[in-house]
Amino acid sequence: MSKKQLTTINPLTEEVLATYDYMSDEEATAVVKASHEAYLQWRLRSLDERAKVVAAIAKALRDRKEEFAQLMTNEVGKLIKDSRTEIDLCAAICDYTAQQGPTVLADEERKVEGASGIVTHSPIGVVYGIQPWNFPAYQAIRYSIASLMAGNGVLLKHAESCTGSGLLLRDIYESAGLPKGLFGVLLISHDQSNAIVENNLVRAVTLTGSEAAGRTVATKAAEALKKTVLELGSNDAYLVLDDADLELAVDTCVKGRLFNNGQTCVNAKRFIVTGKNYDAFVAAYAKKFEAIKIGDPNAEDTQLGPMVSEAQRDKLHEQVSKSVSQDARLLVGGEVPDRTGWFYPATVLADVAPGQVAYAVELFGPAAAIIRAKDDEDAMRIANDSRYGLGGGIFSRDVKRARELATKYFDTGMVCINSFDVASPSMPFGGVKASGYGREHGPEGLKEFVNVKAIKIPAAK
């Protein structure tokens with residue numbers, strides 16, 4: 001009987017790239033044990049020593065940038081320029097962590113009556129990460145580099161679509177000097193993954209994925225009293241207020257919707273436009289989407305590549321079709337092209353309203369939902385009328401007011417003002433409500449998986 005295998009498929013050609021055998025339960029357990037054993041030594045290394053290895057990983061990523069970028073494009077259909085940008089971001093995360101980690105994680109002296117107080121940020125052990133396919137390098141690096149800097153061991157269960165990328169990342173880490181086995185890659189099923197969560201050597205779990213997956217993993221981890229960090233779905237709202245620079249808003253919202261082929265948790269997805277600007281925004285936005293060129297993601301002039309899988313493409317098309325049947329107005333796209341590759345055209349839905357799929361559900365692909373608001377206050381109300389709260393944006397010429405709206409009223413974890421961005425190494429990344437909890441990046445991310453330990457030494461008498 002042949003062994004069950006993981007398969008990677010090129011979304012452009014629909015051809016098999018590679019197959020990988022699933023690990024047996026015993027093999028998976030051995031990967032966990034190896035990470036734990038390596039951690040017992042790694043935790044004793046100084047912060048500066050760990051930082052040197054992290055800095056070396058940044059260099060290794062840059063040295064193998066083209067190789068890694070091409071693999072990601074082959075596995076998930078990303079535009080090659082986006083794959084290169086992803087590696088640049090990953091290297092920048094390593095740079096930030098190597099530079100700031102020793103300071104952020106250093107022992108702190110505290111004043112305590114009658115004693116000396118010390119607060120340490122000690123490693124906790126092995127951290128297990130379950131990651132999706134849309135950013136094969138970044139999703140794995142953003143939690144693993146912080147965890148490694150803190151002195152932990154790390155495990156990765158990557159999405160089947162980018163199995164090769166997970167294995168290449170392990171090789172890059174070890175080539176840069178990370179102890180062998182400290183970062184373990186698990187080629188396992190969902191049932192086997194539950195056993196990893198339950199393994200006594202695993203101390204924490206982080207997942208980026210769907211809301212349903214987050215609930216399942218959080219429940220399993222809670223049963224074992226293990227900390228979790230979850231970054232789940234979202235339906236990010238970008239508000240175009242009465243005083244917005246309309247040209248800037250349209251250009252930025254087009255970019256924000258189509259980045260990474262529209263398959264990003266923090267893509268701009270809902271465009272909430274006040275009545276003053278609605279008709280002009282819709283017309284300009286649809287015109288730009290209509291001109292988007294789809295094709296080979298390796299070609300420099302391609303603006304939109306294929307979606308990661310046939311299933312993802314078909315799900316998006318079903319959501320778009322259902323929304324149209326519910327009276328959303330289809331302006332551009334909305335039809336599956338008759339060609340090889342899992343393509344879906346840049347699609348615009350206008351007059352999106354409550355009761356329609358596109359209003360409430362995350363459209364994970366190149367489809368935009370445009371919603372009319374009466375005024376600025378109504379736009380903010382609509383933005384917060386969502387079960388999700390990961391990112392969002394505000395377009396307004398009054399930056400001071402936009403900042404106040406973002407600070408006091410926008411119920412989301414991240415806000416871009418007059419701009420769109422995916423992530424910055426120094427800024428915390430994460431959401432609220434059904435978009436999850438916990439933070440990655442910045443000082444906050446460096447301290448997510450540490451034991452904040454209090455030590456008291458009585459004063460000498």
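Hydrogens, waters and symmetry mates play no part in the numbers below; they use all other heavy atoms, side chains included.
A distance-only check finds a donor-acceptor pair linking the side chain of Asn267 to the backbone of Gly256 [under 3.5 Å].
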- Task: Assess whether salt bridge (charged side-chain N to carboxylate O under 4.0 Å, His left out) is satisfied between Asp301 and Lys293, documenting all intermediate values.
- Result: CA-CA 8 Å; Asp301 63 341; Lys293 180 180 179 181; 2.6 Å; yes

- For Glu300 and Arg84, run salt bridge (charged side-chain N to carboxylate O under 4.0 Å, His left out): C-alpha distance rounded to whole Å, both residues' side-chain angles, the deciding distance at 0.1 Å, then the answer. CA-CA 12 Å; Glu300 294 296 337; Arg84 291 170 182 146; 3.1 Å; yes

- Task: Test salt bridge (charged side-chain N to carboxylate O under 4.0 Å, His left out) on Glu448 and Arg439 and set out the steps.
- Result: CA-CA 7 Å; Glu448 273 290 358; Arg439 293 296 181 266; over 6 Å; no

- Does the pair Arg403 and Asp398 meet the rule for a salt bridge (charged side-chain N to carboxylate O under 4.0 Å, His left out), with working shown? CA-CA 9 Å; Arg403 175 175 172 172; Asp398 187 343; over 6 Å; no

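Under a cutoff of 6.0 Å and an axis angle of 45°, Lys180 and Tyr173 do not form a cation-pi pair. Within the cation-pi definition used here (under 6.0 Å to the ring centroid, within 45° of the axis), Lys227 qualifies as a partner of Phe449.
The pair Glu211-Arg215 meets the salt-bridge criterion, since a charged nitrogen lies less than 4.0 angstrom from a carboxylate oxygen. Taking 4.0 Å as the cut-off between side-chain N and carboxylate O, Glu108 and Lys447 count as a salt-bridged pair. A salt bridge is defined here as a Lys NZ or Arg NE, NH1 or NH2 lying under 4.0 Å from an Asp or Glu carboxylate O, and Arg142 with Glu231 meets this definition. Contact check on Asp63 versus Lys59 returns a salt bridge, with a Lys/Arg side-chain nitrogen under 4.0 Å from an Asp/Glu carboxylate oxygen. The pair Glu67-Arg64 meets the salt-bridge criterion, since a charged nitrogen lies less than 4.0 angstrom from a carboxylate oxygen. For Asp88 and Lys65, the salt-bridge test passes: some basic side-chain N is under 4.0 Å from an acidic carboxylate O. Using a 4.0 Å cut-off between a side-chain N of Lys or Arg and a carboxylate O of Asp or Glu, Lys220 and Glu198 qualify as a salt bridge.
Taking the six-membered ring where the residue is Trp, the centroids of Tyr138 and His441 are separated by under 6.0 Å.
A 4.5 Å side-chain heavy-atom check between Thr347 and Phe289 finds every atom pair outside the cut-off. In this structure, the side chains of Thr208 and Tyr143 stay at 4.5 Å or more apart for every pair of heavy atoms. Contact check for Tyr285 versus Arg257: side-chain heavy atoms found under the 4.5 Å cut-off.
A tilted orientation is assigned to the rings of Phe271 and Tyr238, their planes being inclined by 30° to 60°.
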